[in-house]
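Structure first, commentary second.
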Amino acid sequence: MERKRRWPTVKEATRGVVLPLLVTWSAPLWALNASINGVSSEVEANIDAYLQNIDEDQYTDVRLEGEIRKRAREAMRVFGYYEPDITVEVDSSPITLRIEPGSQVKIDVLSVNIVGEASDDPPFQEALDAFPLKEGDTLRHAPWDRLRNQFSGLALERGYFDWGFTDRRMEIRPYLESARLYMDFDSGPRYQFGNTSISGSHIEPDRLRKMRTFEAGEPYLAESVALYNQRLAETGWFSSVSVRPRLETAQELTLAPPTGSPWWDEATASQPQRPRLSSAAFASALSLSQRDNTNLPIDVNVEPADRHQFEVGVGFATDVGPRMRFGWKQPWINRFGHSLNHDLYISAPDQRFTGTYNIPLDNPLRDSYRLQYGVRNLDDGDTQSLEGTVEIARRWEFENRWVQTLYFRTTYEDFTQGGVSDEVLLFYPGIQWSRARTRPQRFPLWGDRQQLSIEYSDTLWGSDAQFTRVTGDTEWIRTIGDDNRFSARLSIGAIETDNFDKLPPSLRFFAGGDRSVRGYSYESLSPRNEEGRLRGGQQMLTSTLEYQRRVSGDWWGATFVDSGDAFDNWGPEELKTGAGVGVRWISPVGPIRLDVAHPFDDEDDWRLHFSIGPEF
């Protein structure tokens, strides 16, 4: 009997004709509405998944019933049910499945063997030890398939390119409720890294080879190839980077690893696509595909990055108002990978032009010399300053991601602070240790940042002032669950000097503002002179504690307490404290923060703080 079809209404027919002319049409995803009875929740969920994408209007009742019964049986087999009794009622709404699952198949024989060099490779044995099934257990297909995929994935990841399954069988005897599982995996020899060939590079090839994460003769590891690829990309010298093993035809005919192995896609993306052999067919040809030479050459292909790159940015913050930034970046200027960057920053109170010439060493991502120079004009309330700076620095980055920078700085500053004017020329060395860790990058849910700097100047070498200056910052972000985010920050600073008036404003301490003590205007907290003007402090201490709660999607609410001040002697009688509430929006251009803060020492005052950009 033919299944009755429902003729469309005029509205439905119009929608079906007109909409395809207005928008790009995509085929609907059919979902069969069915009621499933008699099985456990996980089996029911799998049957439901197998019944998706059935368009019942394309079947007669008899064919629809047969298709549903076939798919339901397939869905139940992976849980060991091979002889279920399934009744399908297609005339009911929803369609009803009544299932008597019957007995599950048990494993009578389980034989898994690893031969070849992988038999002594720990990851293979760990995968075998973690296999959850044993003789006498109920058969489940998923662990068996997962073990097969683990072996093939590990083989390709760890350089066993002649791998194959010499035996892989699942013998099922439903009438005996019996299953026999056999898997014999032959890894063949493990390949080693061979010579590295570099093409397309405008940078000295030896510089690129020194960045390798492997040496010729070491056992092949796909992770090392991917890491080398990442290192080259992070230099900024190249617009594209490709680091891949030079695979032979016989090796490329093997099965690719299961989905979810991005390192393989990266490693073989440039290789021509060829038909894949089944593992059984490959096993029969295994002896022919093996070769005596197991050295695997690595091919590096790169393309130069644009020599001149420009950036323009605009923003707004209550501290400085509208602001603009122009960047000119030269990621490489010669064959040794030297780079040159220039940056122009403009806001109403602050204008800066800076440049950095970078000379990378053997490991360009970690070791370098830097020449930095810049000019700054600042006119903000009681502070007017024209400053020129030149700095030579040596930078090291360690394995634990701490960065050490040793520098010597020359600063000339013509300034007026609190009505007192002076000109100073300073020569002083310094050392800084810093580390920043975040994840994810755009709006960290976990992260921390530390920085400690020590600087010293002395009149013995011609500097106009003698001082020791120490600054330290630490900031932490942690998240509990998906919706509760905590942030804490502490900043300290101290200057030891016999003549504080000779220190320019760039070295004195001020507090207050969006990134300091909210509720107070930008750098409005510091000791004042007899005329009530800001003069800057010899010490500084600020702290922040903030709690954020996700409201919806990329929107967060925040509450916070800030406390701190700049002062001349440790242990001020009373730190300035502000508290308030805010909103955070993770926009495409970065986090946007809007805060309303109240200073505790003024009952009637409220201040609005707005800023765009990352916290670290």
Side-chain angles (χ1 to χ4, degrees), residues 230 233-236 238-240 305-306 308-331 339 341-356 374 376 380 434-449 451 473 475-479 482-489 491 512-516 518 521-523 544 546-560 562 580-597 607-616:
Q230 178 183 333
E234 288 177 352
T235 62
F238 310 108
S239 61
S240 68
D306 292 337
H308 300 278
Q309 301 173 8
F310 300 93
E311 296 179 354
V312 178
V314 296
F316 180 89
T318 49
D319 287 345
V320 297
R323 58 192 181 188
M324 298 186 66
R325 177 181 171 271
F326 301 89
W328 173 25
K329 183 178 181 181
Q330 295 175 268
S339 63
N341 300 327
H342 287 101
D343 192 89
L344 176 64
Y345 171 88
I346 300 174
S347 67
D350 191 2
Q351 303 87 45
R352 299 191 299 264
F353 175 77
T354 59
T356 302
R376 181 185 186 189
D380 183 26
S434 62
R435 182 177 69 174
R437 303 178 297 175
T438 59
R439 59 174 188 260
Q441 196 73 25
R442 189 162 64 110
F443 185 70
L445 299 178
W446 182 95
D448 54 71
R449 177 181 63 86
Q451 179 176 302
D473 295 276
E475 186 169 359
W476 298 78
I477 294 175
R478 293 294 186 267
T479 304
D482 295 328
D483 302 324
N484 300 284
R485 187 173 184 262
F486 296 87
S487 174
R489 183 174 67 245
S491 298
D514 299 341
R515 298 285 297 163
S516 180
R518 285 164 286 188
S521 58
Y522 178 57
E523 295 193 346
T544 291
E546 182 168 317
Y547 166 67
Q548 299 171 10
R549 171 74 180 180
R550 189 193 303 270
V551 178
S552 177
D554 290 335
W555 289 89
W556 297 67
T559 59
F560 58 86
D562 298 335
V581 297
V583 176
R584 309 286 181 265
W585 177 43
I586 313 173
S587 75
V589 297
I592 296 178
R593 296 180 292 276
L594 177 64
D595 294 321
V596 179
R607 186 167 182 84
L608 189 68
H609 295 271
F610 176 81
S611 60
I612 302 175
E615 291 164 294
F616 286 0

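Positions are given from 1 along the sequence.
Remark: Phe326 engages Val312, Met324, Leu344, Ile346 in a side chain to side chain contact (heavy atoms under 4.5 Å, CB included) (not counting sequence neighbours). Residues passing the side chain to side chain donor-acceptor pair (under 3.5 Å) test with Ser521, sequence neighbours excluded: Ser524. With sequence neighbours left out, the salt bridge (charged side-chain N to carboxylate O under 4.0 Å, His left out) criterion links Arg607 to no other residue. Every residue two or more places apart in sequence or in another chain that forms a side chain to side chain contact (heavy atoms under 4.5 Å, CB included) with Val583 is listed here: Trp555. For the ring-ring contact (aromatic ring centres under 6.0 Å, His included) test, no residue two or more places apart in sequence or in another chain qualifies with Tyr345. Applying the side chain to side chain contact (heavy atoms under 4.5 Å, CB included) test to Arg593 and every residue at least two apart in sequence or in another chain returns Arg584, Pro591, Ser611, Glu615. Phe610 meets the side chain to side chain contact (heavy atoms under 4.5 Å, CB included) test with Phe316, Thr318, Ile592, Leu594, Ile612; sequence neighbours excluded. With sequence neighbours excluded, the residues that form a salt bridge (charged side-chain N to carboxylate O under 4.0 Å, His left out) with Asp350 are Arg352, Arg376. For Ser347, the side chain to side chain donor-acceptor pair (under 3.5 Å) test picks out no residue, with sequence neighbours left out. Contacts of Asp343 classified as side chain to side chain donor-acceptor pair (under 3.5 Å), with partners at least two apart in sequence or in another chain: Arg325. Partners of Arg489 under the side chain to side chain donor-acceptor pair (under 3.5 Å) rule, at least two apart in sequence or in another chain, are Thr544. When the ring-ring contact (aromatic ring centres under 6.0 Å, His included) test is applied to Phe560, no partner is found at least two apart in sequence or on another chain.
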